[in-house]
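Each chain gets a letter, A, B and so on, in the order the sequences are listed, and its residues count up from 1.
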There are 2 protein chains.
Amino acid sequence: MHNHYAANTRQHLRVWLKLLKTSGNIEAVLRERLKRECGTTLPRFDVMAALDHHPAGLRMTELSEFLMVSNGNVTGIVNRLAEDGLVERTQDSQDRRAQTVCLSPSGHTEFQHLAKLHAQWIDDIMQPLNVEQSDTLMALLEQLTELEVSS
Amino acid sequence: MHNHYAANTRQHLRVWLKLLKTSGNIEAVLRERLKRECGTTLPRFDVMAALDHHPAGLRMTELSEFLMVSNGNVTGIVNRLAEDGLVERTQDSQDRRAQTVCLSPSGHTEFQHLAKLHAQWIDDIMQPLNVEQSDTLMALLEQLTELEVSS
DNA sequence: CTATATTAGTTTAAGCTTAAAGTAAATATT
DNA sequence: AATATTTACTTTAAGCTTAAACTAATATAG
């Protein structure tokens, strides 16, 4: 029986599609709730979470590295957050090219609210797994994080 | 010890972030290879895969339902595929609003090439898991597919 | 038959995303 | 000091995505 692929190519495809679907479904739920219940988006939430994690603020470049997105992308999201008064830009006094972005007071308050809801949603969604199961899931996913970086 | 959340809220968050990251990493690899090696995108691939699966063709609305994206979205992707001669639109003779989209001969040839590469990439990425492990992963992901639909 | 409602699909506005080009300031070289 | 390079960031062009508005055709109701 000639078979140029590994014996379980089909199984691999099925698992990948399941992984993609599960992750996408959960992400869609989060996006939907952020929008409907909070009037915001996942990218905005991610930027605010990064800034909340760095109370001293971040440079635009640091922010884009932390979030692993392009710097042009960060420019747009920060622009919109700034328009809404949720983040503040401070010009660097040493380097006139640079600026530090941080949450405004109202942005901080708003994020605390968002983070609480977000944690509850995740907790709810992950409820079906007991501790042992989620450990197993972590370990299996961990194995997929290694190879795909190479080649 | 007062704790208003379930005991493993933090663990739940960690697992979700791991799931999101793993899925996103793999998706990024696929996007990158589709672009660099094939000059195409994941949305285009998805549309072509759907059409390959339905040799008789699909209506625009059927396509958007099958892929679970908005109909306006499908319009744009099919437009670009049509510009490249990879799909063909056929006006429905019964209903002047409707049309059937299917892969062109060159689109079919092209997709066979893409699908082969795609399967090899997935096979490669999923290699670290043996059959038992991927069964376990499937089962765990399956549990997360149930609840999140509700509420 | 006419008015209404539904259906198929496109267009538009807004945001997300990237790569590539551009701007301006700081640093390094000669 | 003048030139070149690097760095920080923005802008642009293109594509993906959605919801909402829109167009046109079909189906339904009276």
Checking contacts here: which listed nucleotide ([options]) is nearest the side-chain heavy atoms of [X]?
X	options	value
B/Val69	C/dC16, D/dC9, D/dT18	D/dT18
A/Asn71	D/dT10, C/dT10, C/dG9	D/dT10
B/Arg96	D/dC16, D/dA25, C/dT10	D/dA25

Could you tell me whether the side chains of [X] and [Y] share a donor-acceptor contact shorter than 3.5 Å?
X	Y	value
A/Asn8	A/Arg14	no
A/Asp135	B/Gln11	yes
A/Ser104	A/Glu88	no

Contact under 4.0 Å: [X] side-chain N or O vs [N] OP1/OP2:
X	N	result
A/Thr61	D/dC9	yes
B/Arg36	C/dA19	no
A/Thr41	C/dC16	yes
A/Asn73	C/dT18	yes
A/Arg31	D/dA19	no
A/Gln99	D/dT10	yes

Would B/Asn79 and B/Arg89 count as a side chain to side chain donor-acceptor pair (under 3.5 Å) if you check the C-alpha gap in whole Å, the side-chain angles of each, and the deciding distance to 0.1 Å? CA-CA 10 Å; B/Asn79 280 347; B/Arg89 291 172 145 125; 2.9 Å; yes
inquiry  = Just to be sure I understand the rule, does B/Ile77 reach a base, reach only the sugar-phosphate, or reach nothing, if contact means heavy atoms closer than 4.0 Å?
reply    = sugar-phosphate
| task | Describe the nucleic acid contact of A/Glu32 in one word from base, sugar-phosphate, nothing, applying a heavy-atom distance below 4.0 Å. | result |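 Here A/Glu32 touches no strand at all.
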Notebook entry, point to check: Charged N to carboxylate O under 4.0 angstrom, A/Arg97 versus A/Asp92?
Noted result: no
Nearest whole angstrom, please: distance from the [atom2] of [N] to the [atom1] of [X].
X	N	atom1	atom2	value
A/Leu67	C/dT18	CG	C1'	15 Å
B/Gln94	D/dA27	CD	P	10 Å
B/Leu63	C/dA8	CG	C1'	13 Å
A/Glu27	C/dC16	CD	C1'	12 Å
A/Glu62	D/dC9	CD	C1'	13 Å
A/Met68	C/dT18	CE	P	11 Å
A/Arg89	D/dA8	CZ	P	16 Å
B/Arg44	D/dT17	CZ	C1'	16 Å

Exercise for review: Record whether the side chain of A/Arg97 comes under 3.5 Å of the base of D/dT7 through a donor-acceptor pair of N or O atoms.
Suggested key: yes
Closest non-hydrogen contact found for A/Glu27 with B/Trp16 is N-CH2, 3.9 Å
Per nearest nucleotide of DNA chain D, the residue lying toward the 5' end, A/Asp95 or A/Lys35, is A/Asp95
- Query: Which comes earlier along DNA chain C counting from the 5' end, the contact point of B/Gly72 or that of A/Pro43, where each point is its nearest nucleotide?
  - Reply: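 Whichever sits nearer the 5' end wins; that is B/Gly72.
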